[in-house]
Amino acid sequence: MSEKYILELENITKTFPGVKALDNIQLKVRKGTIHALMGENGAGKSTLMKIIFGIYTPDQGRIKYKGQEIKITGSKDALSRGISMIHQELSPVPQMTVAENIFLGREAITAFGWVDNKKMVEDTQKLFESLKIEIDPKAKMIDLSIASTQIVEIATAISYNADLIIMDEPTSAITDKEVEHLFDIIESLKAKGVSIIYISHKMDEIFRICDEITIFRDGQYVGTKSANELDQESLIQMMVGREIKQVFHKDKAEIGEVVLSVTNMSRKGKFSDISFEVRKGEILGISGLMGAGRTEVIESIFGIHPPDSGEIQINGSKVKIRSPRDAIKHKIGLLTEDRKLTGAFLPISIRDNMIISSIDNFLYKSGFIKGKLVDEMCSMFVERLSIKTPGLNQLIMNLSGGNQQKVLLARWLLNNPDILILDEPTRGVDVGAKSEIHKLMSRLAQTGKAIIMISSELPEVLGMSDRVVVMHEGFKKGELSRDEANQEKIMEMAYS
Ligand SMILES: Nc1ncnc2c1ncn2[C@@H]1O[C@H](COP(=O)(O)OP(=O)(O)OP(=O)(O)O)[C@@H](O)[C@H]1O
Ligand SMILES: [Mg+2]
């Protein structure tokens, strides 16, 4: 008789300095099923996935794969056994092409022993055709958007023809349309008997595609249930051990005069003729599909890529923003969608990461740092945003993905800008922390800040915005007030 389970993990423990990431946990994945792994930020999900994929060695515990107890010695070993992984943190080699990235470490070789670029491009083309992906195999990774990068990562994991695919937050950077596409791919993999471990903080995804759900809390195993035994509320209850309602905290704020206005702004090949304004106390949502140009627009406002034409006014005066430094001088803050750009992967402490943009506020006249004040402020944000860390000295690269996001948000809260631009502020953040972030945004608006929020989650856009700008392929398609906006209207504008 064939084995019921493809993977059985027992009594796995993994400790990092100061952190017990996994404490005697178990996980059993049935063959040909989609198994969700759920838990708050820092619960230990990615750590366990890295153990299965051979990146970490557990301190103790047993791994049974296809009925046999095994030791996984590294990623190569995992791949050769038929286990592949979509990583939570995307790490392409930026200067290489898409095809080179996909075949990294298993390059096609010509009869003369050279790397066979032509064949790799052809194979990538075939792979993309079979998955209905429209990305140029010869494009450099550095030129791709973060969404396309994630799609390449997904395709790479699938190209190994694995029996077990780990998907650690595969949809964090892609929008609804691509999510649907991924789900089609997942269904067809399942039909072929492939097993999938699926991690996501998006509840609706979990209930749509998963057969079983295992829940971790603080590195411990809470339980495994069949998906139809659970609903959102009971799942959240198991994850956080208390009740959280998934509502959006939107308090009424007084909306004042225009703080930022953008008129006829264009950047060649990215967006054209964009105009909008944001007022004091207002949360402006920007909605649209992948490639709509939302991130590009705010990158221009923040001086990362200045626009070719158009005008930006702050408090009624025309300004020229040539660099992020200029933007910060004008009291603009930007939380980027790409954590890597903001330094989340550097060996820098949480403390330094938080104060890096507001260091001037923490200096004595003599130039010395007000150490105590820094620690007080940073600790306050650690607590308020429930950042899971043994201390302020922890390196940000050692935090779980969602907790890195919270540290970067704290950086901008400490900087206290007048105009706060948030690009996907709750990406990869768990339900509890998400509602904390929403509360904070709401409170900031009440204190007179102007907030621009890009979000690919429609409920978040609808729940938090006073007004919504919808973009499509580099153009502004329309603007809706909070009362006018609904899912259908936004979708209609975003798609055509
Ligand atoms: N290399 C490391 N060094 C030190 N601590 C680590 C390291 N990797 C993970 N941790 C810690 O282990 C714990 C579990 O982290 P993990 O990344 O597994 O969480 P997660 O469940 O994937 O969270 P998220 O939903 O935010 O991705 C966290 O407290 C994290 O800070
Ligand atoms: Mg993780």
Side-chain angles (χ1 to χ4, degrees), residues 21 34-49 86-90 146-147 150 153-154 166-176 178-179 182-183 186 196-210 212-219 222 225 227 230-249 335 337-339 344 385-388 399-409 422-441 453-461 463-464:
I34 304 171
H35 196 113
L37 180 56
M38 297 290 288
E40 290 181 284
N41 296 133
K45 305 177 298 290
S46 296
T47 302
L48 186 64
M49 297 305 106
I86 299 173
H87 296 266
Q88 178 176 11
E89 309 302 350
L90 306 170
I146 174 165
Q150 187 157 47
E153 171 88 16
I154 292 169
I166 298 166
M167 301 190 174
D168 194 353
E169 300 199 30
T171 62
S172 61
I174 57 180
T175 52
D176 291 353
E178 293 85 41
V179 173
L182 174 65
F183 284 3
I186 289 179
I196 290 167
I197 304 179
Y198 194 87
I199 300 179
S200 171
H201 291 287
K202 301 179 188 167
M203 298 278 167
D204 49 333
E205 292 184 358
I206 299 298
F207 286 105
R208 262 193 62 194
I209 58 160
C210 295
E212 282 187 304
I213 305 176
T214 288
I215 296 116
F216 286 0
R217 192 194 309 152
D218 266 341
V222 177
K225 300 266 186 201
L230 287 172
D231 56 17
Q232 280 207 14
E233 269 172 35
S234 48
L235 174 57
I236 293 174
Q237 174 87 41
M238 285 180 84
M239 274 167 55
V240 302
R242 67 198 140 90
E243 221 177 305
I244 292 182
K245 289 256 184 300
Q246 243 202 331
V247 291
F248 296 93
H249 294 268
L335 177 71
E337 63 172 338
D338 188 348
R339 288 202 275 270
L385 297 173
S386 30
I387 297 172
K388 199 183 168 209
L399 292 188
S400 79
N403 283 301
Q404 291 177 351
Q405 180 76 358
K406 295 187 221 168
V407 170
L408 298 175
L409 179 63
L422 305 170
D423 196 354
E424 306 285 357
T426 62
R427 163 174 300 163
V429 167
D430 68 46
V431 274
K434 203 167 176 169
S435 89
E436 274 315 308
I437 290 177
H438 289 149
K439 265 190 226 160
L440 261 168
M441 283 171 61
M453 174 190 73
I454 296 184
S455 169
S456 295
E457 279 183 61
L458 276 181
E460 184 170 57
V461 170
M464 295 309 297

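Positions are given from 1, in the same order as the sequence printed here.
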Interatomic distance, CG@L335 vs CG@D423, rounded to 0.5 Å, equals 7.5 Å
If we only count heavy atoms from C-beta on, is the T214 to I197 side-chain gap below 4.5 Å? no
Inter-residue atom distance L48.CG - I199.CD1, 0.5 Å rounding: 8.0 Å
Note: C210 and A227 closest approach over all heavy atoms is O-CB, 3.3 Å
For the student: nearest non-hydrogen atoms of G42 and N403, plus distance: N-ND2, 3.8 Å
Passing candidate, side-chain hydrogen bond (donor to acceptor under 3.5 Å, both in side chains) with Q88, options E169, E153, K45: E169
Counting C-beta onward and ignoring hydrogens, is there a side-chain heavy-atom pair between M238 and L230 closer than 4.5 Å? yes
To the nearest 0.5 Å, what is the distance between CE (M167) and CD1 (I154)? 7.0 Å
Lys/Arg N to Asp/Glu carboxylate O, E436 vs K439, below 4.0 Å: yes
pair M203-I236: side-chain heavy atoms closer than 4.5 Å: yes
Answer yes or no: is there a donor N or O on one side and an acceptor on the other, between the side chain of R217 and the main chain of V222, under 3.5 Å? no
From E212 CD over to I34 CD1, what is the distance, rounded to the nearest 0.5 angstrom? 11.5 Å
I454 versus E424: any side-chain heavy-atom pair under 4.5 Å? yes
Any Q150 side-chain heavy atom under 4.5 Å of L90 side chain: yes
Side chain to side chain contact (heavy atoms under 4.5 Å, CB included) between M464 and L422, intermediate numbers included: CA-CA 12 Å; M464 295 309 297; L422 305 170; over 6 Å; no
Heavy-atom closest contact (S200 atom, M38 atom, distance): O-SD, 3.3 Å
Any donor-acceptor pair under 3.5 Å from K202 side chain to T171 backbone: yes
Nearest-0.5 Å distance, CD of residue Q232 to CD1 of residue I206: 10.5 Å
Using modelled atom types and a 3.5 Å cut-off, is there a donor and acceptor pairing between side-chain atoms of N41 and backbone atoms of G428? yes
Identify which one of E457, E40, E460 satisfies the salt bridge (charged side-chain N to carboxylate O under 4.0 Å, His left out) criterion when paired with K434. E457
Taking the side chain as C-beta and beyond, is there a heavy-atom pair between K406 and L399 under 4.5 Å? no
Apply side chain to side chain contact (heavy atoms under 4.5 Å, CB included) to the pair D218 and K388, showing each step before the final yes or no. CA-CA 9 Å; D218 266 341; K388 199 183 168 209; 3.6 Å; yes
Can you name the closest pair of heavy atoms from A173 and A147 and give their distance? O-CB, 3.3 Å
Relative to each other, are the rings of F183 and Y198 parallel, tilted or perpendicular (30° and 60° limits)? perpendicular
Would you mind reporting whether M49 and L37 have side-chain heavy atoms less than 4.5 Å apart? yes
Would you give the length of the straight line joining atom OG of S172 to atom CD of Q405, rounded to the nearest 0.5 angstrom? 10.0 Å
